[in-house]
Amino acid sequence: MTSTWNWAAPLPTGVPGTDWTGTPAARPVSGGYTLSGHWRLPSAADAMPWVALPLADGRRSSAGTDAEQNGPDLFVVPAKNLLTTGRLPSSRGDSRPASGPVSRPADVYAVVDVYVPVGFSTYTTGKPLYASDAAFHWTAIAALALGAARRMTDALAGSTPGTTPPHPAAAADGQAAELAAVLHDERLSLAATVHGLPAARHVLPQVLEARLAQQVRQVAIVVRHVLAEVYQQVLSVDTMGDRHDLVSIIETSSPILQHALFAGEMLPPVDSTPLRKR
């Protein structure tokens, strides 16, 4: 999803610095990246809760593995994490704000060791998804999130690790069946919402766009509920020190789930009004 599509295209995008004291760098850490550097942002960034920060010249992390070298080069962060400075930071811990008004085109915005979840990263080489593609993006990520959650319930139903689980296997099976039924209903609801809409990647009338956005929010709520229940099951089962099978599924699904929770806000609608202000 993130390597094929640049879903951050409609967000205000910074111009990365190239000076050695502020050239952007992304370091892989557990579950995401640590981002540092400086960028110049357009004045439109003032009104948006999220901004996109690319690495300089598509430069990836300097880490050694192929996966890291070929990793994402565009990172989405909350605008509140930007520190406005009239000069480049003299050290990693020095990002003192400049005096005077902010948000001028010449302002330098610094980011120092900001954590970016892997689901909030993408590729500048991906095909851009603009605000007019919101319906396509929302539908795709909602469907992926439902699929990831269903994979967890399938594993929950078929996994009884440990020799003496504190609960009978039937309890886990019953819970998995209940969660699977909830996901099934949500999938049918999403399908009903999408059915009859204009062709993919066409601009929707505002009333239909609002309906789809609400459906995606509902999917995020349901998937979050399933994830919480799965976590509870993992914590309640004695694996005798072994790694529970569900843990690796949760980790693999994390980018999708992270992205789904904020997809409605990160990709603004056609009128560019953040959803939180609607």
Problem set entry | Derivation and outcome, side chain to side chain contact (heavy atoms under 4.5 Å, CB included), residues Val51 and Val77 | CA-CA 6 Å; Val51 295; Val77 302; 3.7 Å; yes
Exercise. Run the side chain to side chain contact (heavy atoms under 4.5 Å, CB included) check on Leu82 and Leu41 step by step: do they pass?
Worked result: CA-CA 10 Å; Leu82 300 176; Leu41 284 168; 3.3 Å; yes
Problem set entry | Thr124 vs Leu55, side chain to side chain contact (heavy atoms under 4.5 Å, CB included): CA-CA, chis, key distance, verdict | CA-CA 9 Å; Thr124 55; Leu55 299 183; over 6 Å; no
For this session: Would you sort out whether Leu257 and Met152 count as a side chain to side chain contact (heavy atoms under 4.5 Å, CB included), showing the intermediate values?
Result: CA-CA 12 Å; Leu257 302 180; Met152 294 177 199; 3.5 Å; yes
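Rounding to the nearest 0.5 Å gives a distance of 7.5 Å between CZ of Arg217 and CH2 of Trp138. Note that the NE2 atom of His38 and the OH atom of Tyr109 stand 13.5 Å from one another [nearest 0.5 Å]. Note that the CD1 atom of Ile249 and the CZ atom of Arg151 stand 5.0 Å from one another [nearest 0.5 Å]. Here the OG-CG distance, from Ser253 to Leu246, works out to 10.0 Å after rounding to the nearest 0.5 Å.
The salt bridge (Lys or Arg N to Asp or Glu O under 4.0 Å) search around Arg187 returns none, not counting sequence neighbours. Partners of Arg211 according to the side-chain contact (heavy atoms from CB on, under 4.5 Å) rule, which considers only residues two or more places apart in sequence or in another chain, are Thr193. When the side-chain contact (heavy atoms from CB on, under 4.5 Å) test is applied to Glu229, the partners found at least two apart in sequence or on another chain are Gln175, Leu179, His225.
Heavy atoms only, all atoms of each residue included: Pro54 and Thr13 are closest at CD-CG2, 3.9 Å.
Cluster membership check: Val226 shares its hydrophobic cluster with Val216, using side-chain heavy-atom separations under 4.5 Å among Ile, Leu, Val, Met, Phe, Trp and Tyr. In the hydrophobic clustering of this structure, Leu144 does not group with Leu188; members are Ile, Leu, Val, Met, Phe, Trp, Tyr whose side-chain heavy atoms approach within less than 4.5 Å, directly or through other members. The hydrophobic clustering, which links ILVMFWY residues whose side-chain heavy atoms are closer than 4.5 Å, places Trp5 and Val118 together. Val15 is not connected to Val111 by any chain of hydrophobic side-chain contacts under 4.5 Å among Ile, Leu, Val, Met, Phe, Trp and Tyr, and they are in different clusters. Cluster annotation: Leu74 and Phe262 are assigned to distinct hydrophobic clusters (Ile/Leu/Val/Met/Phe/Trp/Tyr, side-chain heavy-atom contacts under 4.5 Å, transitive).
Within the 4.5 Å cutoff, the side chain of Tyr33 has heavy atoms near those of the Pro72 side chain.
Using a 30° and 60° split on the angle between ring planes, Trp7 and His259 fall in the perpendicular class, above 60°.
Atom OH of Tyr231 is surrounded by 12 or fewer heavy atoms from other residues, nucleotides or ligands within 6.0 Å.
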